[in-house]
Number of protein chains: 2
Amino acid sequence: MEKTGLLQKEPGAKEPGPARTWRELGLKLTPQRLAILEYLDGNTAHPAAEEIFAALSGRFPGLSLATVYNTLAILRDRGRLLELTIDPSKRRYDPQVKPHHHLICLSCKRIADIEHTFALEIPGALRMGYEITGNQIEFYGLCPDCKKRAKRTGGGGHVHRP
Amino acid sequence: MEKTGLLQKEPGAKEPGPARTWRELGLKLTPQRLAILEYLDGNTAHPAAEEIFAALSGRFPGLSLATVYNTLAILRDRGRLLELTIDPSKRRYDPQVKPHHHLICLSCKRIADIEHTFALEIPGALRMGYEITGNQIEFYGLCPDCKKRAKRTGGGGHVHRP
DNA sequence: ATAAATGCAAAGCATTTGCAGTAAA
DNA sequence: TTTACTGCAAATGCTTTGCATTTAT
């Protein structure tokens, strides 16, 4: 089932499906790439390259991490995948490319999507002559699980994030 | 001159100034650390470790990058410095720890601060039981300089960011 | 047949760590 | 004097690159 459009045709492609689209770009749709596309499509876990690799290397013995990175870079460059920089130590990928926001649990680092549009207008005096084209909000908080755990253990670690 | 409080006492410290504060924590205020504090205080350029190192290594021949990282980690852990993950390839630091937002030029990557509070309420249906404690907004756009340049060269590169 | 993609290994960076010497306190 | 900090170099971890071989088209 189709969830984020990753397996559908690209905006400019003449025919539907990923195979034709890739072919028209002079790119080849290999089994590895198709597996990555399928793994990512509709995935809301915001996986990093390593996790994608781990999830697929069972089915593809000898799959290379370089191939995963290669495919992710192509998808990202074509705007079919968002590269999240939320995690300072590794890049995470999000197949949901429609503008949306993130809700990050300060304790377990889980990232949830918020599909909602907020009307944000920067006061002119603060806009400094910039032309604003978009925004991306990170909400911080505690997920239900960690809220429960915090109550049980009474308190917890300090985190310096909004 | 004092700008972001980095040279002032910590919330819990009994005496003013950075020296006493560090001493009370069992930490030593070395010339290197003081130089880093002074460089960062009021700095709105969101520098990375390497840039701080480059700026100070003239005055401190033999200054170590490890010392810069060490000091940044201490300040970050004590909540006196924000570690920005906006740039996927290196961490940037912001001495402004009061909640604020960022305005990023998609072309030159310059980061400006937006000191303004936006009232953001996530619709209950989308809140998924999370307890929200804060938010951080990244605005994307073009700075005045790049806007001018784009007009001159007619168009420019594509960037897949909001 | 022809390009492009693959896997592997090596290289590249940013960041961290280990440690003997140095300097705040 | 004591203990933390320093610089250096080595190590780590994520990501990228080079290249000979394989594979989609």
Side-chain angles (χ1 to χ4, degrees), chain A residues 13-15 17-37 46-78 81 83-93 109, chain B residues 13-15 17-37 46-78 81 83-93 109:
Chain A
K14 295 192 195 71
E15 305 181 57
R20 316 286 168 105
T21 298
W22 288 66
R23 195 186 308 150
E24 288 168 14
L25 292 167
L27 300 173
K28 292 170 178 173
L29 185 62
T30 64
Q32 292 90 332
R33 287 183 176 174
L34 186 55
I36 294 171
L37 285 174
H46 310 85
E50 188 70 49
E51 298 165 56
I52 299 168
F53 172 74
L56 300 176
S57 58
R59 182 146 43 106
F60 289 91
L63 170 66
S64 166
L65 198 46
T67 296
V68 175
Y69 275 110
N70 170 2
T71 303
L72 291 173
I74 291 172
L75 293 170
R76 181 244 287 136
D77 290 347
R78 303 201 58 76
L81 214 47
E83 189 173 66
L84 307 184
T85 59
I86 289 169
D87 186 332
S89 68
K90 52 175 162 267
R91 304 179 190 186
R92 305 192 153 277
Y93 295 88
K109 315 301 178 201
Chain B
K14 295 193 196 68
E15 305 180 59
R20 315 285 166 106
T21 298
W22 288 65
R23 194 188 307 151
E24 288 169 13
L25 292 165
L27 299 173
K28 291 170 180 172
L29 186 62
T30 64
Q32 292 91 330
R33 287 183 175 173
L34 187 55
I36 294 171
L37 285 174
H46 309 85
E50 186 70 51
E51 298 165 56
I52 298 168
F53 172 74
L56 300 177
S57 57
R59 181 147 43 107
F60 288 90
L63 170 67
S64 166
L65 198 44
T67 296
V68 175
Y69 275 110
N70 170 2
T71 304
L72 291 174
I74 292 172
L75 293 170
R76 181 243 287 136
D77 291 347
R78 302 201 60 76
L81 214 48
E83 189 173 66
L84 307 183
T85 59
I86 290 169
D87 187 333
S89 67
K90 51 175 164 267
R91 305 179 191 186
R92 305 192 154 280
Y93 295 87
K109 315 300 177 201

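Only this structure's heavy atoms are used, side chains among them; waters, hydrogens and symmetry mates stay out. Labels below follow one simple rule: chain letters A, B, ... track the order of the sequence lines, proteins then strands, and each chain is numbered from 1. Please read all numbers here as calculations on a predicted model, not as lab measurements.
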Chemist: Any side-chain N or O of B:Thr30 less than 4.0 Å from the OP1 or OP2 oxygen of D:dT6?
Modeler: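 Result: yes.
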
Chemist: Tell me, do A:Leu29 and A:Leu37 make a side-chain contact under 4.5 Å, heavy atoms counted?
Modeler: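 Counting from C-beta outward, A:Leu29 and A:Leu37 do come under 4.5 Å.
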
Chemist: Earliest and latest nucleotide of DNA chain C, 5' to 3', sitting under 4.0 Å from a non-hydrogen atom of chain A?
Modeler: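 Under 4.0 Å from chain A, the extent on DNA chain C is C:dA3 to C:dC8.
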
Chemist: Whole angstroms only, please: what is the CD-P distance between A:Glu51 and D:dG13?
Modeler: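 From A:Glu51 CD to D:dG13 P: 16 Å.
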
Chemist: In whole Å, what is the span from the CG atom of A:Leu29 to the P atom of D:dT25?
Modeler: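 Answer to the nearest Å: 6 Å.
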
Chemist: If you take atom types as modelled and just measure distance, does the side chain of A:Lys90 reach the base of D:dT15 with a donor-acceptor pair under 3.5 Å?
Modeler: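 Side chain to base: no pair present.
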
Chemist: How is A:Glu50 classified with respect to the nucleic acid when contacts are heavy atoms under 4.0 Å: base, sugar-phosphate, or nothing?
Modeler: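 Counting heavy atoms under 4.0 Å across all strands, no contact is made by A:Glu50.
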
Chemist: Hey, what do you get for CD1 (B:Ile36) to CG (B:Leu63), rounding to the nearest 0.5 Å?
Modeler: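 If I round to the nearest 0.5 Å, the distance is 6.0 Å.
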
Chemist: Identify the heavy atoms of A:Ser57 and A:Ala54 that sit nearest to each other, and give their distance.
Modeler: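 Reported closest heavy-atom pair: OG-O, 3.4 Å.
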
Chemist: Checking B:Glu50 against B:Leu65 for the side chain to side chain contact (heavy atoms under 4.5 Å, CB included) test, could you report, in this order, the C-alpha distance in whole Å, the side-chain angles of both residues, the deciding distance, and whether it holds?
Modeler: CA-CA 7 Å; B:Glu50 186 70 51; B:Leu65 198 44; 3.7 Å; yes

Chemist: Is there a donor-acceptor pair under 3.5 Å between the side chain of A:Arg33 and the backbone N or O of A:Lys28?
Modeler: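 Yes.
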
Chemist: Does any N or O in the side chain of A:Arg92 come within less than 3.5 Å of the main-chain N or O of A:Leu84, such that one atom is a donor and the other an acceptor?
Modeler: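 No; judged by distance alone, with no hydrogens or angles, the pair does not exist.
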
Chemist: Atom CG of B:Leu34 and atom P of D:dT6: how far apart are they, to the nearest Å?
Modeler: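 One finds 12 Å between P of D:dT6 and CG of B:Leu34, rounded.
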
Chemist: Closest approach of A:Thr85 and B:Pro88, non-hydrogen atoms and distance?
Modeler: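 Closest approach of A:Thr85 to B:Pro88, heavy atoms only: CG2-CB, 3.6 Å.
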
Chemist: Heavy-atom nearest nucleotide on DNA chain C for B:Leu27 versus B:Ala48: which residue maps closer to 5'?
Modeler: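 Mapping each residue to its closest nucleotide by heavy atoms, the 5'-most match is B:Ala48.
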
Chemist: In Å and rounded to the nearest 0.5 Å, what is the CD to CG distance from B:Glu83 to B:Asp77?
Modeler: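 If I round to the nearest 0.5 Å, the distance is 8.5 Å.
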
Chemist: Any residue in residues 53-72 of chain A with a heavy atom nearer than 4.0 angstrom to DNA chain D? Just list them by number, or reply none.
Modeler: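 Residues of residues 53-72 of chain A under 4.0 Å from DNA chain D: A:Ala66, A:Tyr69.
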
Chemist: Please give me the minimum heavy-atom distance between B:Pro31 and B:Phe60, naming the atom from each residue.
Modeler: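 Looking at all heavy atoms of both residues, the shortest contact is O-CZ, 3.6 Å.
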
Chemist: Given atom CD of A:Gln32 and atom C1' of D:dT23, what is their separation to the nearest angstrom?
Modeler: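 Checked: the CD to C1' distance equals 9 Å.
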
